[in-house]
Trainee: 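Can you read through this structure? Questions will come right after.
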Amino acid sequence: MKDIQSYIDKNKDRFVQELTELLKIPSISADSDYKKDMLKTAKAVKASLENAGCEKAEIYETPGHPVVYGEKIIDKDLPTVLVYGHYDVQPPDPLELWDNPPFEPVIKNTKIHPEGAIFARGACDDKGQMYMHVKALEYMTHSNELACNVKFMIEGEEEVGSEHLGWFIERNKEKLANDVILISDTGMISKDTPSITTGLRGLSYIEVEVTGPNRDLHSGLYGGAVGNPVNILAKMIASLTDENNHITIPGFYDKVEDLSSEERKKMAEAPYNEEDYKNKLKIKDVYGEAGYSTLERASIRPTLDVNGIWGGYIGEGAKTVLPSKAFAKISMRLVPGQDWKEITALFKKHFESIAPDAVTVEVKPHHGGYAYVTPIDNPGYQAASKAYEKTFRKTPIPQRSGGSIPIVSLFEKELGSKIILMGFGLDTDAIHSPNEHFGIWNYLKGIETIPYFYKYFAEMTKK
């Protein structure tokens, strides 16, 4: 692959422009108003796979948003890599906090990205990282360097829990048969310190509704005599953690797998500066479960967070009402050993039990997934590590991530393959937030590194 860098240098402007065009499409899976844009994006992904060298590319309808499938089979005796990614994106709200419209991509230089970064919703999560694989395939087919068979499964529901991807996998197991699954939907420590994600947390996502009186009431006439759902919801949520930020739901920690002191010591060897961490977030101090470091809290410990809370009057000016209802969306990040369905049930039972008789409570489960850990002694991880060593000239650090990709554990269960998480994003890329971006250097470095994974995986698994 001596010419890979020259190929990227020659085509980098086109690579960036193609990604920019993809980012212009508002593929928001959570909002039904964007259904046509979802299909438009799926068609664009299909076309890109065909242009990159896939001999077959199809759009498969599901009960939800479509899945794009592509493949290039060069020799049935060679190993097969299944690439997973997603073309849907998070809603861009709050719009007023974006420096530029979220679906009008711009390239700006930053301190971390002096060579430029693409600012747009989906730039890093996951259009940019997914598209690295498309361009890597283009290079491998153009230069006749493709060492493995390759299949693509690009879905449109990851940001809403991949509700129908299991439905698709169940009906297409033979089509999706593979030797390893490759995903770029995670990050690395820094541009100077590559890392490979070896673990993801699970997830339980829940919405709660607290109802008091049958209508909004005058707070002067009824305040102090009737339960206020917003006040009560706030108290209920506050009671879910104690003074040590330990979650108080009975049974919540029963199946948590604690890491050994040796494993925790190894985690602590990763480069980390707490002052830099606080400065980047513009906070005076960190906050979390007592007895654990910041890195541990954000990766190997379960959490409970309110993602949104609302009720009553929130418009301009004053309106003195005692609201009829209050709502909150709550997510719990889970670790190996925890069953998200069991945790959801425990939350529901506990939350209903702590509600006073002045209100009624409805707990609505949304979606979830299991935690996942990939062993570092398998050929997939070793091939990825060697690929990073080749292009970064450094051995990558294995690192557990605090994020979740709910469908990952299902992949191994249904398809019997290990999952390798080769992410090239940074924690400063503002995914799920206003001003999301992806460094052009990171984007091109991914395109450079991925072909080496194919080369080394083929060598390590030669039949």
Trainee: Within a strict 4.5 Å, meaning less than it, do heavy atoms of the I189 and P271 side chains meet?
Mentor: yes

Trainee: Going by atom types alone, do R333 and S404 pair a side-chain donor with an acceptor below 3.5 Å?
Mentor: yes

Trainee: With a distance cut-off below 6.0 Å to the six-membered ring centre and an angular limit of 45° from the axis, does K24 pair with F103 as a cation-pi contact?
Mentor: no

Trainee: Side-chain contact, heavy-atom cut-off 4.5 Å: L182 with I419?
Mentor: no

Trainee: Ring pair (Phe, Tyr, Trp, His ring centres under 6.0 Å): which pairs involve residues 390-430, sequence neighbours left out?
Mentor: Y84-F411, Y388-F392, Y388-F424, F392-W441

Trainee: Verify whether the ring centers belonging to F168 and Y60 lie closer than 6.0 Å.
Mentor: yes

Trainee: Do the rings of F327 and W310 sit parallel, tilted or perpendicular, given the 30° and 60° boundaries?
Mentor: parallel

Trainee: Do T303 and R201 have side-chain heavy atoms sitting under 4.5 Å apart?
Mentor: yes

Trainee: With a 4.5 Å limit on heavy-atom distance, are the side chains of F347 and L304 in contact?
Mentor: yes

Trainee: Hey, are the side chains of Y139 and L146 touching, using non-hydrogen atoms and a 4.5 Å cut-off?
Mentor: no

Trainee: Show, in sequence, the C-alpha distance, side-chain angles and deciding distance for E257 and V335, and conclude whether the side chain to side chain contact (heavy atoms under 4.5 Å, CB included) test is met.
Mentor: CA-CA 7 Å; E257 295 180 7; V335 297; 6.0 Å; no

Trainee: Indicate whether any N or O donor in one side chain lies under 3.5 Å from an N or O acceptor in the other, for T211 and K325.
Mentor: yes

Trainee: Will you find, in the side chains of H86 and D185, an N or O donor that is under 3.5 Å from an N or O acceptor?
Mentor: yes

Trainee: Write down the atom of I8, the atom of F15, and the distance for their closest heavy-atom approach.
Mentor: CA-CE1, 4.3 Å

Trainee: Hydrogens and angles aside, do Y87 and E155 bring a side-chain donor and acceptor to less than 3.5 Å of each other?
Mentor: no

Trainee: Is there a side-chain contact between I420 and N378 in this structure, where contact means two heavy atoms from C-beta onward sitting under 4.5 Å apart?
Mentor: yes

Trainee: Any chance the rings of Y7 and H142 have centres within less than 6.0 Å?
Mentor: yes

Trainee: Step by step, would you call Y69 with F152 a ring-ring contact (aromatic ring centres under 6.0 Å, His included)?
Mentor: CA-CA 5 Å; Y69 174 83; F152 286 81; 9.0 Å; no

